[in-house]
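Naming convention: chains lettered A, B, ... in sequence-line order (proteins, then strands); numbering from 1 in each chain.
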Amino acid sequence: MRLEGKLNPEQMEAVLQTEGPLLILAGAGSGKTRVITYRIAHMIDKGISPFNILAITFTNKAAEEMRSRVDDLVGFGADSIWVATFHSTCARILRRHIDVLGYDTNFTIYDTDDTKKVVTNILKKNSIDPKKFPPKTILSVISTCKNEMVSVEEYASTAMEDFEKITALVYREYQKALFDNNALDFDDLLLLTVELFKKSPEILENYRNRFRYILVDEYQDTNTVQFSFIKMLADKYRNLCVVGDDDQSIYRFRGANIRNILDFEKNYSDALVVKLEQNYRSTENILNSANAVIAHNNNRKEKTLWSQNGAGTKVHFRHFDTAREEAQFVVDDIYTKVRRRDCMKKDCAILYRTNQQSRELEEVLLQENMPYNIVGGTNFYGRREIKDILAYLKTIANGSDNLNVERIINVPKRGIGETSLGKARAYAENNEISLFETLLHADRVPTLGKTASKMMDFAADICVFRHRIAENEFEDLPELIGELIEKIGYEDYLFENEEEEDARDRMANIDELITKAAYFEEKYATDNPDAERGPTLQEFLNDVSLVADIDDVNTDADRILLMTLHAAKGLEYNHVYIVGMEDGLFPGDRSIVSADYEDMEEERRLAYVGITRAKEDLTLTAARSRMIRGSWTSYPVSRFVREIPSELLDSSMKFTTNTIDSISTVEQSAFKPNRLYAGYTSKMVNKKPESSDNNVDLSKKPYGTTGLLKGVNYSKPKAVAKPVVNLNPGLSGLTKGSDLVANTSFKPGDRVNHVKFGDGVIKEIDNSGKSTYITIEFEEYGQRILDSRFAKLNLI
DNA sequence: AACCTTGGTGTTTTT
DNA sequence: CACCAAGGTT
């Protein structure tokens, strides 16, 4: 392979340095991916076995791209390089060895939804008020602990305040619950791998010898446990190359430790440091704008990015009255460019700070008939029907996973309600067995009655699938999923319980899941050409649990792409629009009021990332008011816009100076440091901007919001209140409704009092149906038919 | 047991 | 606004 003429001197230096610790500080657009791929290709050229190379990327998409580009360069062998994300790398390692830590290798990976349910259950069990101690907050503390490798004991020993003590308690029970369910959260994947390495030096040695050459991309976004993982692996051969840009560190909120990159030279004193400062991506106006913004940060490695791409057009800034007008402008602008053949739709990206901002844009795009793709937001794998089917598959794969069993036990409806489930749950706990095990032998659970057989039928169905998988009876994953849906009657269930249109949409989603499974089979066959079998169910579930939104984006289709600034990292587009450039939105109000200046610096880095995504053309927009959380809110123009020198800006706004004084008085008045929110709402500004006449009905879209999504009710069975009148004098308290029917002590002609309808006379008692229905003529409410199981009646 | 309505609440970004 | 949990109704 020839390197001459393909790389600049710094890039060349990085590529040729294959041994020892190496830090590549790669500015935005400086040809980072090119350096990485050439470096790997060069290593293989030199005779290093691809089998000994580990490359960690941030997303699966980046991994795939890296592999295919190395493949293009070397022509063969690239498929034996281990290229994967931190999380999937650890998941793969743990699938082999986690039994060392007492877990079973068929563990389930819990997503944020799942972990929130676990914590909510723990709070309930301990009668802790979720209002005072929100699960989300507790979880974020637990996550921080895990990222920082702080064990339950360590955290508990330092816990002083109430919140910390509660969190310590929940942390302990949470970890136990995950263990009992044989489940891991995202952070566990990293943490337990490090623990595994500590516990078993042989296993560590094994991987050290395999991964003699390690490369980590996006190093600025690694956290402490990831650092530890890498360090353990790299310590023997010390061939560690890390690539990153401290100015693009945007994941502090999830534990990324910028010191990892800033202190790399301290940790590896013999490290070679290469700086890539020539930008090949953007025009000078765009690059200089980015440089000007990021220069306002203090905590950074000094560097100056330069470009030879020519000045290009200025950066555009447009200010609108409403978010709707802003969206309309962006869509019209793209439409005009596309019509003039300046670019294709897929050359355009619209970026925003928060996912909810996509809604307004989506409405306009639909209205204008512009094809688009939204990255993330309402996650495909978060949809109810997908979670249901996956919960079945996870139950088939891992019988200890109580959470997923609870999700599906009555979906589709099997007549197993909260009361019976509560009994089974209690039995499982008392006997220290899993819920699934209990269901399998539900006849041993006292007082379940007929529900026991329903439970056993359910458990038996699952067992049949397990057995058939073990016997290799399924051709492939799509066949397995197809038969599962058939067996449980999921399609009928959807159509019986929902509007036809909604049910159809959900089935379309399930078809999509089956398509993904088929695609996974295909990819597996390509990646493992010598494999004698297809992928296992676990491997599929692994993959599904660890996809990032961005991984699924189809870049071939000619569509406008919409995504958050975070999702855009690592990507580039000819035409970039960043919407919602408002102080309060971007930077977010939290970072504005925060006492920690790092919060604002991280927002600024995010702005830097956004700006540097643009190659030719960058447009920034803002709205004077927009609907946020149901009320109209106004924010001033973002400081990041004002940090761009005016000579680089083509602006509709009159800047007098680049200070806060250039904002109108009304907007300035919003800047009260002691207020939680930096904006003001419709109560303060009496303006309700236009709406409606060209509104697109979003409710027609699939997975509309209201009424469709029903969570599983995990509420603890509460003590049953004594009925006003014991309808069944033979039994004390309430039992199953059907038992009451025969013994009802009312008869036609009786005068009764109803708790809500007042007094009345019984006209008729009908017990031909599944319950007893009492027809009563009320004095004030007229004739009513009440169900004897629930009606609270007093004989008078 | 299942459904529907109400009310209270929270808010970035994501593997 | 939009989501969820709790409570009431059939």
Side-chain angles (χ1 to χ4, degrees), chain A residues 57-60 85-91 109-112 116-117 120 124 130-131 134-137 140 143 147 185-190 218 221-223 226 250-256 352-357 359 375-376 378-379 410 413-421 451 497 545-551 563-569 580 584-591 599 602-603 605-606 609 627-633 676-677 704-715 718 721 736-738 755-757 769-771 773 784-792:
Chain A
T57 57
F58 202 68
T59 62
N60 296 295
T85 64
F86 271 106
H87 291 271
S88 58
T89 297
C90 291
I109 299 169
Y110 277 180
D111 64 18
T112 353
K116 205 182 140 217
K117 279 178 187 165
T120 307
K124 258 180 201 147
K131 308 266 161 62
K136 247 188 162 173
T137 318
S140 94
S143 178
N147 289 157
D185 64 19
F186 289 131
D187 303 319
D188 279 342
L189 292 170
L190 271 304
E218 306 284 10
D221 285 324
T222 52
N223 61 33
Q226 288 165 337
I250 54 174
Y251 283 103
R252 202 168 74 107
F253 71 91
R254 105 182 163 194
Y352 36 79
R353 179 68 240 267
T354 66
N355 276 304
Q356 55 159 15
Q357 288 171 259
R359 212 191 156 86
V375 180
T378 37
N379 182 263
N410 206 27
K413 307 226 163 15
R414 298 187 175 85
I416 303 170
E418 183 52 41
T419 322
S420 310
L421 185 56
T451 316
N497 287 285
S545 303
L546 299 175
V547 282
D549 292 327
I550 195 77
D551 295 339
M563 67 189 100
T564 62
L565 289 151
H566 282 87
K569 192 172 71 150
L585 232 199
F586 184 35
D589 43 42
R590 297 167 99 110
S591 63
D599 288 333
E602 173 134 322
E603 293 281 308
R605 289 192 290 268
L606 193 55
V609 167
M627 189 69 116
I628 292 180
R629 281 207 305 282
S631 54
W632 285 96
T633 309
L676 185 58
Y677 295 97
T705 43
T706 22
L708 272 178
L709 300 164
K710 295 162 197 150
V712 181
N713 186 4
Y714 287 98
S715 63
K718 53 181 191 312
K736 292 224 308 287
S738 52
V755 72
K756 183 171 167 191
F757 300 124
K770 59 180 178 181
S771 175
Y773 300 96
R784 298 260 165 175
I785 301 173
L786 302 178
D787 188 322
S788 69
R789 289 175 299 175
F790 312 109
K792 296 179 177 75

Worksheet item: When you compare dC4(C) with dT13(B), how far apart are their P atoms, in angstrom units rounded to a whole number?
Response: 15 Å
Fill in: Sugar-phosphate only, base, or nothing, as touched by Asp187(A) at under 4.0 Å among non-hydrogen atoms
nothing
Item to complete: Answer yes or no: does a side-chain N or O of Ser420(A) lie under 4.0 Å from OP1 or OP2 of dA1(B)?
Response: yes
Worksheet entry | Spacing between Lys136(A) atom NZ and dT14(B) atom P, to the nearest angstrom | 12 Å
Worksheet item: Can you tell me if His566(A) uses its side chain to pair, donor with acceptor, with the backbone of Ile250(A) under 3.5 Å?
Response: yes
Fill in: Length of the NZ-P vector between Lys131(A) and dC4(C), whole Å
15 Å
Response to the item:
Rounded to whole Å, CG of Asn355(A) lies from C1' of dC1(C) at a distance of 15 Å
Fill in: Sugar-phosphate only, base, or nothing, as touched by Tyr251(A) at under 4.0 Å among non-hydrogen atoms
sugar-phosphate
Discussion item. With the criterion set at under 5.5 Å between ring centres and under 30 degrees between planes, would dT15(B) be stacked on Phe86(A)?
Written reply: no
Worksheet item: Would you say Thr419(A) reaches dA1(B)'s phosphate, i.e. side-chain N/O to OP1/OP2 under 4.0 Å?
Response: yes
Discussion item. For a quick test of reading the model: is some side-chain N or O of Arg252(A) closer than 4.0 Å to OP1 or OP2 of dT13(B)?
Written reply: no
Worksheet item: If you look at every strand shown and take non-hydrogen atoms under 4.0 Å, does Asp111(A) touch a base, only sugar-phosphate, or nothing?
Response: nothing
Worksheet item: Which part of the nucleic acid does Ser88(A) contact within heavy-atom distance under 4.0 Å: base, sugar-phosphate only, or nothing?
Response: nothing
Worksheet item: Looking at the side chain of Arg359(A), which of dA6(C), dA2(C), dT14(B) is the nearest nucleotide?
Response: dA2(C)
Practice prompt. Output yes when at least one side-chain N/O atom of Asn60(A) is less than 4.0 Å from OP1 or OP2 of dT15(B), else no.
Written response: no
Worksheet item: Do any N or O atoms from the side chain of Asp221(A) and from the backbone of Ala256(A) form a donor-acceptor pair under 3.5 angstrom?
Response: no
Worksheet item: Which nucleotide in the list dA2(B), dT12(B), dT15(B) gets nearest to the side chain of Lys413(A)?
Response: dA2(B)
Worksheet item: Choosing from dT13(B), dT15(B), dC3(B), which nucleotide comes nearest the side chain of Asn497(A)?
Response: dC3(B)
Worksheet item: How long is the line joining NZ of Lys116(A) and P of dA5(C), in whole Å?
Response: 6 Å
